[in-house]
Structure formats: C-alpha cells, structure tokens
> 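I am attaching a structure below and will ask some questions about it afterwards.
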Amino acid sequence: MTVEVHDSEVDIVIAALQPNLTPFFEAWKPFFSRFHVIVVKDPELAAELQIPSGFDVKVYTKSDIQGLLGATSINFSGHSCRYFGYLVSRKKYVISIDDNCLPAKDPAGMTVDAVTQHMVNLKTPATPFFFNTLYDPYRKGADFVRGYPFSLREGVECMLSCGLWLHNADYDPMTHVVKRNQRNTNYVDAVMTVPLGAMLPVSGINVAFNREVLGPVMFPGLRIRKEGNHRWDTLEDIWNGLCAKIVCDSLGYGMKTGLPYVMRSDAEAGKALESLKDWEGVKLMDDVLPFFQSVKLSRNGVTVDGCVKELAGIVREKLAPKNPIFAKAADAMEEWTKLWKSHGAQSA
C-alpha cells in the first residue's frame with residue numbers, strides 16, 4: 001500500500017547525548033532534510049552541539065526546558081530529554097531515533113528509509129484482534145489469509161511503530177556481558193501488529209507514533225536508581241511502551257513492530273560490565289510485567305489522557321507498596337498529563 005508523507009505532518013525528534021552530531025546528521029541527510037528536526041540537548045551535557053547546515057533544526061537546551069516548564073518533578077536528563085521534544089512538537093507524527101544510530105542496509109544492499117517505513121506503518125491499519133500469519137496484510141505481496149474474518153479486515157488505526165536495529169542489539173547489561181562480541185545481523189523483512197493483550201518491550205532507539213492521539217501517554221515515567229546514558233541503564237522507554245500498549249488496547253488502537261531497521265553503533269559495546277552490579281531493571285520487571293499483563297482499565301476511560309490518569313492510580317495502588325520507585329512513576333504520569341494539557345495539546 002502506497003502512502004503519502006507530507007513534510008508538514010512529521011517532526012524528527014533527536015535526543016542529543018553526545019556533542020558531535022555531524023556524522024549522524026550527514027548520514028541521515030537524504031531522509032531528514034525535508035522535515036523539521038527537533039534536537040533536545042541532554043541537560044547534563046556541557047559541550048556545545050555540532051550540527052551541520054542543510055537542515056531545518058530547532059535545538060532545545062536545559063534553559064529552554066526550565067524556561068517553559070518551570071519546576072517539574074519529571075527528570076528530563078539522559079535519554080528522557082527526548083520527551084521534551086514530544087511535548088513541544090506541533091506535528092501529527094513524531095519519529096525518534098537515537099543519536100548513535102545510522103541508516104541500515106537491507107539484504108539487497110539498499111539503504112533503508114526509516115522515515116518512510118515508519119510512516120507506512122502508522123498510516124496503514126493495524127490488526128490487533130486476530131493474528132494474520134502473513135504478518136502485515138497491507139504490504140505488497142501479502143493479504144489476509146484464509147479464515148481471517150472479513151469483518152476485521154478494515155483493521156484499526158496504528159498509533160505506534162517500534163522499529164528494530166542491526167549490529168549492536170538492545171540487550172540488558174547481563175546479556176551484553178555474556179554476549180559481548182555478538183552482533184545482530186538478522187534482518188527480518190516483516191512488519192506485524194502486536195496482538196491485543198500481548199505486551200512488548202518498546203525500545204526508544206527507533207520509534208514513531210501518532211502524537212496527536214498518543215501524546216499524553218508518551219512520557220518518561222519510570223526512572224531507576226543510578227540511571228545513566230546507556231540504553232541498558234534505563235527502563236523509561238520500556239515502561240512508556242507498556243503504558244502505551246495498555247492504552248491502545250483499551251481504546252481499540254494498534255501497535256506494530258518490525259521494519260524499519262537502523263544500524264546501531266558499537267560505541268557502547270563492552271561497557272555493560274560497569275552497570276551490571278547495580279542494575280535493578282531485572283528485578284523490577286518481575287513486578288512490572290505481571291502487573292501490565294493483568295491490569296484492565298475501566299470503560300470510563302474514553303480518552304488517552306483519561307486512561308493515563310486511571311493507570312497512574314492503579315500503579316499507585318498495586319505497585320507502589322512494593323517499591324517507592326513506582327510511586328514516583330505514578331507521580332510522573334500524572335504530572336505529564338498536566339504538562340501535556342498546558343504545553344503539548346496544541347497542534348500545527
């Protein structure tokens with residue numbers, strides 16, 4: 001299925017965790033240059049950013065965050081700074097790619113246009129209510145298989161596209177240490193809708209979403225102790241993705257995963273041992289996943305904002321007694337809905 005991608009409906013949001021963004025921007029120039037790019041500088045990064053000319057770029061710094069939001073309980077440092085970009089964007093769609101990723105090549109040697117593929121995922125329907133064994137039925141060469149009810153073939157709106165990565169895979173620190181020399185070379189040419197009720201670890205490395213609808217649930221909620229700037233130091237994107245999946249399931253929207261791929265740098269490889277001793281993410285997920293697998297929102301939640309507020313209350317009731325980190329997550333979720341109402345709800 002062919003879709004039209006308009007410059008005026010997409011923002012590219014980049015979290016700048018390193019000062020020299022020239023190689024990143026030059027590599028992405030064929031795909032980013034026609035769009036508005038929002039760069040949010042990590043508030044803890046002191047060095048000046050290096051960004052080449054030829055792009056429509058707006059850079060936001062620590063002073064911009066403080067000037068717009070004032071006092072807030074949400075910590076926008078590290079990878080979480082990208083969420084400020086989601087807040088100030090005024091476009092219908094947002095695509096966010098980590099600054100240590102470059103365009104990937106498919107098995108035929110063609111450079112992958114991640115922007116267009118994300119937009120195809122978002123602009124074609126999702127099919128969360130019944131799994132199609134040919135994966136995405138709207139892709140060229142595919143369709144609904146025999147036995148797929150015709151009443152479900154129109155699908156539903158897709159709200160989030162979770163892309164993948166080649167080379168340096170997105171592992172937790174334990175897996176990185178055990179498989180420190182392993183690189184992901186497995187390019188699977190497929191897109192699939194995540195089924196209703198199925199949870200997934202959404203990686204913020206390569207993600208796109210419908211900001212107009214899903215914006216109130218795209219927040220940095222769960223911040224683990226001693227969180228650093230390596231992906232394996234964080235769970236903010238995992239928590240965010242689980243919250244988004246619950247909201248999408250409750251409101252009848254869909255999420256997809258698979259294409260597009262990006263090529264993830266080796267820069268972080270070999271450093272996971274530093275985080276291994278103190279990383280609490282594994283223990284937290286033992287509580288987090290069963291919670292999200294069992295939580296059900298009421299029928300009173302008919303908006304994304306309402307669902308987030310209800311979900312925050314359930315987190316406070318069910319998870320906070322187990323660990324105070326979840327109480328802080330609930331606080332951040334409620335704070336985000338207020339920030340979105342005051343600063344993010346406007347559209348272009």
Side-chain angles (χ1 to χ4, degrees), residues 12-32 35 37-52 55 57 59-61 76-86 94-105 111-115 117-118 161-173 175-177 179-187 201-208 220 227-238 240-241 259-275 279 281:
I12 311 293
V13 173
I14 306 299
L17 274 63
Q18 56 180 321
N20 185 10
L21 296 180
T22 298
F24 173 84
F25 271 93
E26 291 294 353
W28 285 103
K29 192 168 189 176
F31 312 111
F32 284 3
F35 299 104
V37 182
I38 294 174
V39 174
V40 186
K41 182 181 178 182
D42 179 3
E44 297 182 358
L45 181 64
E48 291 294 319
L49 296 183
Q50 301 171 40
I51 300 174
F55 296 88
V57 179
V59 177
Y60 292 90
T61 64
F76 286 100
S77 66
H79 285 288
S80 292
C81 69
R82 69 193 174 109
Y83 296 92
F84 182 79
Y86 300 171
V94 162
I95 297 172
S96 186
I97 296 174
D98 277 5
D99 65 356
N100 66 341
C101 296
L102 301 177
K105 291 187 180 297
T111 303
V112 174
D113 181 353
V115 174
Q117 182 62 57
H118 272 308
S161 169
C162 178
L164 299 174
W165 4 256
L166 294 173
H167 200 57
N168 186 13
D170 189 14
Y171 293 145
D172 55 58
T175 308
H176 265 294
V177 169
K179 298 184 175 182
R180 63 181 62 198
N181 295 318
Q182 178 175 302
R183 299 293 179 266
N184 180 34
T185 59
N186 190 25
Y187 186 105
V202 173
S203 170
I205 291 172
N206 173 24
V207 68
E227 182 168 309
N229 285 349
H230 301 307
R231 273 294 176 191
W232 57 69
D233 286 330
T234 71
L235 278 180
E236 45 82 16
D237 52 347
I238 305 300
N240 175 217
L259 302 178
Y261 281 82
V262 296
M263 179 67 71
R264 193 159 176 252
S265 167
D266 246 347
E268 292 184 341
K271 298 179 181 178
L273 193 59
E274 304 168 7
S275 305
W279 203 70

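FYI, the numbering just counts along the sequence from 1. Note that these values count all heavy atoms, side chains included, but never hydrogens, waters or copies made by symmetry.
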> When you check the side-chain N and O atoms of Gln117 and Tyr261, is any donor under 3.5 Å from an acceptor?
no
> Check Arg82 against Ala15 and note the closest heavy-atom contact, atom names and distance.
CB-CB, 3.8 Å
> So, do His79 and Asp237 sit near enough that their side-chain heavy atoms are less than 4.5 Å apart?
no
> Would you find a donor on one side and an acceptor on the other, under 3.5 Å apart, between the side chain of Ser161 and the backbone of Ala208?
no
> Would you say that Leu21 contacts Asp99 through its side chain, given a criterion of any heavy-atom pair below 4.5 Å between the two side chains?
yes
> Given side chain to side chain donor-acceptor pair (under 3.5 Å), test Glu236 with Tyr83 step by step and report yes or no.
CA-CA 10 Å; Glu236 45 82 16; Tyr83 296 92; 2.4 Å; yes
> Any non-hydrogen side-chain atom of Val262 less than 4.5 Å from a side-chain atom of Leu166?
no
> Is the shortest side-chain heavy-atom distance between Pro43 and Thr61 below 4.5 Å?
no
> With a 6.0 Å cut-off on the ring centroids, do Phe55 and Phe32 count as close?
no
> How would you list, by chain and number, every residue that makes a ring-ring contact (aromatic ring centres under 6.0 Å, His included) with Phe35, sequence neighbours excluded?
none
> Working to the nearest 0.5 angstrom, can you tell me the gap between Gln182 CD and His167 NE2?
12.0 Å
> Could you walk me through whether Tyr187 and Lys105 satisfy the side-chain contact (heavy atoms from CB on, under 4.5 Å) test, starting with their C-alpha distance in whole Å, then the side-chain angles of each, then the deciding distance to 0.1 Å, before giving a yes or no?
CA-CA 9 Å; Tyr187 186 105; Lys105 291 187 180 297; over 6 Å; no
> Is there a donor-acceptor pair under 3.5 Å between the side chain of Asp42 and the backbone N or O of Gly78?
yes
> Nearest 0.5 Å please: distance from the CG atom of Asn20 over to the CD1 atom of Ile51.
10.0 Å
> Measure across Asp170 and Ser203 and return the closest heavy-atom pair with its distance rounded to 0.1 Å.
OD2-OG, 2.9 Å
> Please lay out, stage by stage, how Val57 and Phe25 fare under the test side-chain contact (heavy atoms from CB on, under 4.5 Å).
CA-CA 11 Å; Val57 179; Phe25 271 93; 4.1 Å; yes
> Is any side-chain heavy atom of His118 closer than 4.5 Å to a side-chain heavy atom of Leu259?
no
> I'd like to check Ile14 versus Val40 (side-chain heavy atoms, cut-off strictly below 4.5 Å). Are they in contact?
no
> Can you tell me how far OH of Tyr86 sits from CG of Asn240, rounded to the nearest 0.5 angstrom?
7.5 Å
> For residues Leu45 and Pro19, determine if any side-chain heavy atom of one lies less than 4.5 Å from a side-chain heavy atom of the other.
yes
> What closest approach, in Å, do Asn168 and Ser265 show between heavy atoms, and which atom pair accounts for it?
ND2-O, 3.0 Å
> For residues Pro260 and Asn206, determine if any side-chain heavy atom of one lies less than 4.5 Å from a side-chain heavy atom of the other.
yes
> For Pro201 and Ile238, which heavy atoms make the closest approach, and how far apart are they?
CB-CD1, 3.8 Å
> With sequence neighbours left out, what residues match Tyr60 under ring-ring contact (aromatic ring centres under 6.0 Å, His included)?
Phe84
> Write down the atom of Ile205, the atom of Trp165, and the distance for their closest heavy-atom approach.
CG2-CD1, 3.6 Å
> If you measure from CE on Met263 to CG on Asn100, what distance do you get to the nearest 0.5 Å?
12.5 Å
> Not counting sequence neighbours, which residues clear salt bridge (charged side-chain N to carboxylate O under 4.0 Å, His left out) with Asp98? List them please.
Arg231
> To the closest 0.5 Å, what do you measure between CZ (Arg264) and CG (Asn184)?
11.0 Å
> What is the distance from atom CD1 of Ile12 to atom OG of Ser96, rounded to the nearest 0.5 Å?
9.0 Å
> Taking all non-hydrogen atoms of both residues into account, name the closest pair between Pro103 and Val112 and its distance.
CB-O, 4.2 Å
> If only atom types and distance count, is the side chain of Trp28 paired as donor or acceptor with the main-chain N or O of Cys101 below 3.5 Å?
yes
